[in-house]
Asks: 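Let me begin by handing over the structure; questions about it come next.
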Number of protein chains: 2
Amino acid sequence: MSAHQPKARGSRAEAKPALLDISPLTDLLSFHMRMLVLAVNRAYDEAFAPTPLAGGTGKLTTLMLIAANPGMSQSDIGRVLSKDRPAMVRIIDHLEAEKLVLRKRHPEERRRYELVLTAQGRASVKRFMAIAQTYDETFFAPLSDREKTNLSRILRKLRLAYQSDTLGMGG
Amino acid sequence: MSAHQPKARGSRAEAKPALLDISPLTDLLSFHMRMLVLAVNRAYDEAFAPTPLAGGTGKLTTLMLIAANPGMSQSDIGRVLSKDRPAMVRIIDHLEAEKLVLRKRHPEERRRYELVLTAQGRASVKRFMAIAQTYDETFFAPLSDREKTNLSRILRKLRLAYQSDTLGMGG
DNA sequence: TATTGTTATACTCTATAACTATA
DNA sequence: TATAGTTATAGAGTATAACAATA
């Protein structure tokens with residue numbers, strides 16, 4: 001959070017091809033978070049490669065939202081996930097092609113769809129959520145329980161500060 | 001970290017267009033981190049829009065690395081930032097076009113470049129680092145000092161677990 | 001044979017505008 | 001006029017393969 005460490009030249013650190021000073025970067029919390037998300041996304045890609053939810057986390061999170069809140073519209077989901085309407089069209093197209101999600105016309109509000117899981121979607125989502133939980137727990141396994149609780153509380157506080165939107169409950 | 005909250009129907013929560021249950025997502029630390037990085041990237045775009053480092057953080061981080069470690073090669077930087085060689089070519093092309101960075105041929109190892117700042121680059125990098133620090137501090141301002149220290153320590157622990165590469169020191 | 005930088009290609013994600021149909 | 005969904009387009013990020021120059 002402050003003063004960069006000196007380059008430690010001359011010490012016993014002269015083994016490898018000259019160590020790099022990355023402290024200007026690691027002093028920034030935002031840099032830390034970005035690098036970690038890169039790694040966590042790689043872990044996601046590995047865990048979900050053999051599933052129809054490969055290639056970006058948007059398909060999984062959309063499916064989980066529909067499972068927990070049947071009847072959501074595409075725009076509703078976009079607001080939660082910070083995705084615009086064109087992005088949601090593509091995701092729902094994919095999930096529909098995979099026969100996991102169904103677009104039902106809203107009876108009164110005929111502009112929007114009510115998104116619901118198909119029977120296959122309901123059956124699959126349990127498996128997907130188990131994969132998600134395993135990959136998430138595995139990734140954060142290097143942390144102690146106390147650190148995980150702290151991290152969760154801190155991230156939640158930041159989320160509420162920047163996303164206090166219409167969202168809702170949970171977390 | 002566990003048990004989803006019930007939908008709390010019937011309580012005083014029936015005001016807005018029916019609250020959404022996002023707890024399946026917020027139970028995942030990885031989801032929290034991804035959403036926060038989305039927000040932090042938006043903050044970056046705003047802060048650096050009027051500079052030649054707009055459009056992605058790679059240009060700033062590359063510049064800061066060269067400033068702290070003159071003579072780095074493109075591949076060196078790519079290893080630190082988890083970017084492949086084609087990505088680094090594009091970034092250095094941009095920084096060179098902006099007259100911030102210079103490709104110098106390495107005298108002995110004539111395959112690689114020694115990347116150094118131009119006079120203009122050295123003058124600008126101080127300003128850019130000040131902008132970076134301000135935007136970073138502003139973004140994490142909702143946290144107490146203790147929380148920031150905790151977050152930094154936790155993120156560092158995870159980084160070391162997943163990126164124990166050849167990196168170096170600092171942080 | 002391996003490595004640095006380069007080019008080309010492709011696929012994803014993101015952002016914007018414009019169109020339709022509904023309200 | 002405003003909103004939900006759609007389409008088209010362009011930009012940035014990422015991943016791959018292949019190439020030239022060098023080691």
Side-chain angles (χ1 to χ4, degrees), chain A residues 17 34-35 37-46 48-49 52-62 66 71-97 101-115 166, chain B residues 17 34-35 37-46 48-49 52-62 66 71-97 101-115 166:
Chain A
R34 247 180 247 114
M35 296 301 286
V37 165
L38 268 185
V40 93
N41 282 341
R42 273 186 243 281
Y44 177 91
D45 287 340
E46 281 182 32
F48 283 92
L53 305 184
T57 59
K59 300 176 186 81
L60 168 69
T61 49
T62 296
I66 298 174
M72 289 183 80
S73 74
Q74 299 181 184
S75 296
D76 289 339
I77 298 174
R79 266 185 291 273
V80 175
L81 300 182
S82 289
K83 291 182 181 298
D84 57 17
R85 275 168 289 141
M88 288 313 307
V89 171
R90 202 159 31 88
I91 290 175
I92 301 294
D93 279 353
H94 178 89
L95 294 177
E96 204 175 41
V101 164
L102 208 65
R103 283 172 162 113
K104 278 185 9 184
R105 271 292 171 201
H106 189 113
E108 291 119 34
E109 238 292 25
R110 290 176 46 208
R111 287 177 299 188
R112 51 165 56 205
Y113 294 120
E114 290 184 321
L115 300 171
T166 95
Chain B
R34 247 180 247 115
M35 296 301 288
V37 165
L38 268 185
V40 94
N41 282 340
R42 272 186 244 281
Y44 177 92
D45 288 339
E46 280 181 33
F48 283 91
L53 305 185
T57 60
K59 301 176 185 80
L60 169 68
T61 49
T62 296
I66 298 174
M72 290 184 80
S73 74
Q74 299 181 183
S75 296
D76 289 339
I77 298 174
R79 265 185 291 275
V80 175
L81 299 182
S82 290
K83 292 183 182 296
D84 56 17
R85 275 169 288 142
M88 288 314 306
V89 171
R90 204 157 33 87
I91 290 175
I92 301 294
D93 279 353
H94 178 88
L95 293 177
E96 205 176 41
V101 164
L102 208 65
R103 283 172 162 111
K104 277 185 13 185
R105 271 292 170 201
H106 189 114
E108 293 119 32
E109 237 290 28
R110 290 176 48 207
R111 287 177 299 187
R112 50 166 55 208
Y113 294 120
E114 290 185 322
L115 299 171
T166 94

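Small disclaimer: the values here were computed from a predicted structure and weren't measured. Just so it is clear: chains get the letters A, B, ... in the order the sequence lines come, proteins before strands, and each one is counted from 1.
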Asks: Checking contacts here: which listed nucleotide (dA17(D), dC13(C), dA15(C)) is nearest the side-chain heavy atoms of Lys59(A)?
Replies: dC13(C)
Asks: Salt bridge check, Asp76(B) against Arg79(B): does any charged N sit closer than 4.0 Å to a carboxylate O?
Replies: yes
Asks: What is the distance, rounded to the nearest whole Å, between atom NE2 of His94(A) and atom C1' of dG5(D)?
Replies: 19 Å
Asks: Check this for me: Glu109(A), atom CD, are more than 12 non-hydrogen atoms of other residues, nucleotides or ligands nearer than 6.0 Å?
Replies: yes
Asks: Counting only side-chain heavy atoms from C-beta out, which of dA15(C), dT16(D), dG13(D) sits nearest to Asp84(B)?
Replies: dT16(D)
Asks: Side chain of Ser75(A): nearest nucleotide among dA15(C), dT22(D), dG5(D)?
Replies: dG5(D)
Asks: Side chain of Arg111(A) only, heavy atoms from C-beta on: which candidate in dG5(D), dA21(C), dT4(C) is closest?
Replies: dA21(C)
Asks: To the nearest Å, how far apart are Asp76(B) CG and dT3(C) P?
Replies: 14 Å
Asks: When the distance from CG of Asn41(B) to P of dG13(D) is rounded to whole Å, what number comes out?
Replies: 10 Å
Asks: Whole angstrom is fine here: how far is it from CG in Leu38(B) over to P in dA12(D)?
Replies: 18 Å
Asks: So do Ser82(A) and Met35(B) actually touch side chain to side chain, heavy atoms under 4.5 Å?
Replies: yes
Asks: Taking CZ from Arg42(A) and P from dG13(D), how many angstroms apart are they, rounded to a whole number?
Replies: 15 Å
Asks: 5'-most contact on DNA chain C: Gly55(A) or Arg103(B), nearest heavy atom basis?
Replies: Arg103(B)
Asks: Can a side chain N or O of Lys83(A) be found less than 4.0 Å away from OP1 or OP2 on dT14(C)?
Replies: yes
Asks: Under 4.0 Å, counting only non-hydrogen atoms across every strand here, what does Arg105(A) touch: a base, just sugar-phosphate, or nothing?
Replies: nothing
Asks: Looking at Asp93(A) and Arg103(A), is there a salt bridge between them, counting it only when a charged N and a carboxylate O are closer than 4.0 Å?
Replies: yes
Asks: Please state how far atom CE in Met72(B) lies from atom C1' in dG5(C), giving the value in whole angstrom units.
Replies: 16 Å
Asks: Of all the nucleotides listed (dA8(C), dT3(D), dA8(D)), which has the minimum atom distance to the side chain of Pro86(A)?
Replies: dA8(D)
Asks: Give me the one residue out of Ile91(A), Leu115(A), Leu53(A), Val101(A) that meets side-chain contact (heavy atoms from CB on, under 4.5 Å) with Thr62(A).
Replies: Ile91(A)
Asks: Using whole Å, what does the distance between atom P of nucleotide dA8(D) and atom CZ of Arg90(A) come to?
Replies: 14 Å
Asks: Determine yes or no for a side-chain-to-main-chain donor-acceptor pair under 3.5 angstrom, with His106(A) supplying the side chain and Gly71(A) the backbone.
Replies: no
Asks: Nearest-nucleotide wise, let me know which of Asp45(A) and Met88(A) is further upstream toward the 5' end of DNA chain D.
Replies: Met88(A)
Asks: Look at the side chain of Arg110(B) and the base of dT22(D), then say whether one donor and one acceptor between them are separated by less than 3.5 Å.
Replies: no
Asks: Does a side-chain N or O from Tyr113(A) land closer than 4.0 Å to OP1 or OP2 of dA21(C), or not?
Replies: no
Asks: Check whether the side chain of Arg85(A) and the base of dG5(D) form a donor-acceptor pair under 3.5 Å.
Replies: yes
Asks: With the side chain of Arg112(A) defined as its heavy atoms from C-beta on, choose the nearest nucleotide among dA23(C), dG5(D), dT14(C).
Replies: dG5(D)
Asks: In whole angstrom, what separates Glu109(A)'s CD from dG5(D)'s C1'?
Replies: 12 Å
Asks: Identify whether any heavy atom of Glu114(A) sits under 4.0 Å from a base atom; if not, whether one sits that close to sugar-phosphate; answer base, sugar-phosphate or nothing.
Replies: nothing
